[in-house]
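Beneath this line is the structure, given in structure tokens, with notes to follow.
The analysis underlying the following values was restricted to heavy atoms, covering all of them including side chains, and did not include hydrogens, waters or symmetry mates.
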Amino acid sequence: MRIPKVLPAALPMLIFLLTIVGCGTTEDQVERGRNTYHFEYEDQTYRIISLTDPENNGSNYLVLSQEGQVKLRARDNDQNGVLDTLLLGEISLDKANEIYTTGISLAIADHKFEERTPSRVFEYIVNDTIYIVQTIMQDSPYNRFIIYDQKNGDEHIILIDNEANGILDEKENGDMDFKSYQELYSIVLKAGLTEGRVRNEEGRYIIVRD
């Protein structure tokens, strides 16, 4: 189970602030919005590449190249500090995350790390509980539904609406049945629509930018 740390109000994401040293390789050369951090792990030089668009959406990539060829590429879909997809390579996703976490720690030590706030977040507070919906604007937008109980410190529950259609598809953690979480999610989306913070775009529930 991969559960990133999430702060209740800011929902920090990861981006690396670094001027690229030397020339980038052609296979990874991309448009403006790319920042790269190089680090050593077990005698190999890895890169963490952050790509961010003008709307503050982005992804991080862990990359290993050898003799001009990419041997490993894994993606952190929403820059939350956890790799989601192994795109290329013969190691496990868990091992890739171990390397990625090391790189993040080194970047923090080198002051090449910054937390930033995503632009499409809606918060709905009831007593000591904060309900958060975050829209990730990728090729196919999706929503993260986060339930944060302020009485229990860092404890939080994360669910995913893969198509942003108002129907939860995945539960990363949490003890209640799926139907109960779906009812809560529907209540929060309805509140967002009422407040004008959520738009229904052709059946997709998209959080309006702050």
Is the shortest side-chain heavy-atom distance between [X] and [Y] below 4.5 Å?
{"X": "V133", "Y": "V121", "value": "no"}
{"X": "L62", "Y": "R47", "value": "no"}
{"X": "Y205", "Y": "D161", "value": "no"}

Requested in this report: Apply side chain to side chain contact (heavy atoms under 4.5 Å, CB included) to Y37 and D110, showing your working.
Outcome: CA-CA 10 Å; Y37 180 74; D110 287 344; 2.4 Å; yes
**Report entry** Pair T135-R204, side-chain donor/acceptor within less than 3.5 Å
**Finding:**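 Judged by distance alone, the side chains do not pair up.
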Query raised in the report: Any side-chain donor paired with an acceptor under 3.5 Å for N143 and Y185?
Result: yes
Can [Y] be reached from [X] by stepping across I, L, V, M, F, W or Y side chains whose heavy atoms are under 4.5 Å apart?
{"X": "I167", "Y": "V198", "answer": "no"}
{"X": "L193", "Y": "L184", "answer": "yes"}
{"X": "Y124", "Y": "M176", "answer": "yes"}
{"X": "V126", "Y": "Y181", "answer": "yes"}

Which distance, rounded to the nearest 0.5 Å, do you find between the [atom1] of [X] and the [atom2] of [Y]?
{"X": "I125", "Y": "I130", "atom1": "CD1", "atom2": "CD1", "result": "5.0 Å"}
{"X": "I104", "Y": "I99", "atom1": "CD1", "atom2": "CD1", "result": "12.5 Å"}
{"X": "Y148", "Y": "D128", "atom1": "OH", "atom2": "CG", "result": "10.5 Å"}
{"X": "E42", "Y": "Q44", "atom1": "CD", "atom2": "CD", "result": "8.5 Å"}
{"X": "L106", "Y": "H38", "atom1": "CG", "atom2": "NE2", "result": "13.5 Å"}
{"X": "L88", "Y": "K71", "atom1": "CG", "atom2": "NZ", "result": "8.5 Å"}

Report task. Can you establish whether the number of heavy atoms outside N127 located under 6.0 Å from its atom CG is more than 12? Result ->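 For N127, atom CG is not crowded (no more than 12 foreign heavy atoms under 6.0 Å).
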Query - Heavy-atom neighbours of E201 CD exceed 12 at 6.0 Å - result: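 It does: E201 CD has more than 12 such atoms within range.
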So, [X] side chain and [Y] main chain: donor-acceptor pair closer than 3.5 Å or not?
{"X": "D169", "Y": "N162", "result": "yes"}
{"X": "R73", "Y": "V63", "result": "no"}
{"X": "N97", "Y": "V82", "result": "no"}

Query raised in the report: Going by the angle between their ring planes, with limits at 30° and 60°, are Y131 and F145 parallel, tilted or perpendicular?
Result: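 Judged by the thresholds at 30° and 60°, the geometry between Y131 and F145 is parallel.
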Which atoms form the tightest heavy-atom contact between [X] and [Y], and what is the distance?
{"X": "F178", "Y": "E170", "answer": "CZ-N, 3.8 Å"}
{"X": "L86", "Y": "A74", "answer": "CD1-CB, 4.1 Å"}
{"X": "I207", "Y": "R120", "answer": "O-NH1, 2.8 Å"}
{"X": "P141", "Y": "A164", "answer": "O-CB, 3.8 Å"}
{"X": "I91", "Y": "K95", "answer": "CD1-CG, 4.1 Å"}
{"X": "N60", "Y": "I48", "answer": "CB-CG2, 4.5 Å"}

Report task. Run the numbers on N35 and I49 for side chain to side chain contact (heavy atoms under 4.5 Å, CB included), then give the verdict. Result -> CA-CA 6 Å; N35 294 289; I49 301 172; over 6 Å; no
Query raised in the report: Could you walk me through whether L64 and Y41 pass the side chain to side chain contact (heavy atoms under 4.5 Å, CB included) check?
Result: CA-CA 10 Å; L64 171 65; Y41 182 89; over 6 Å; no
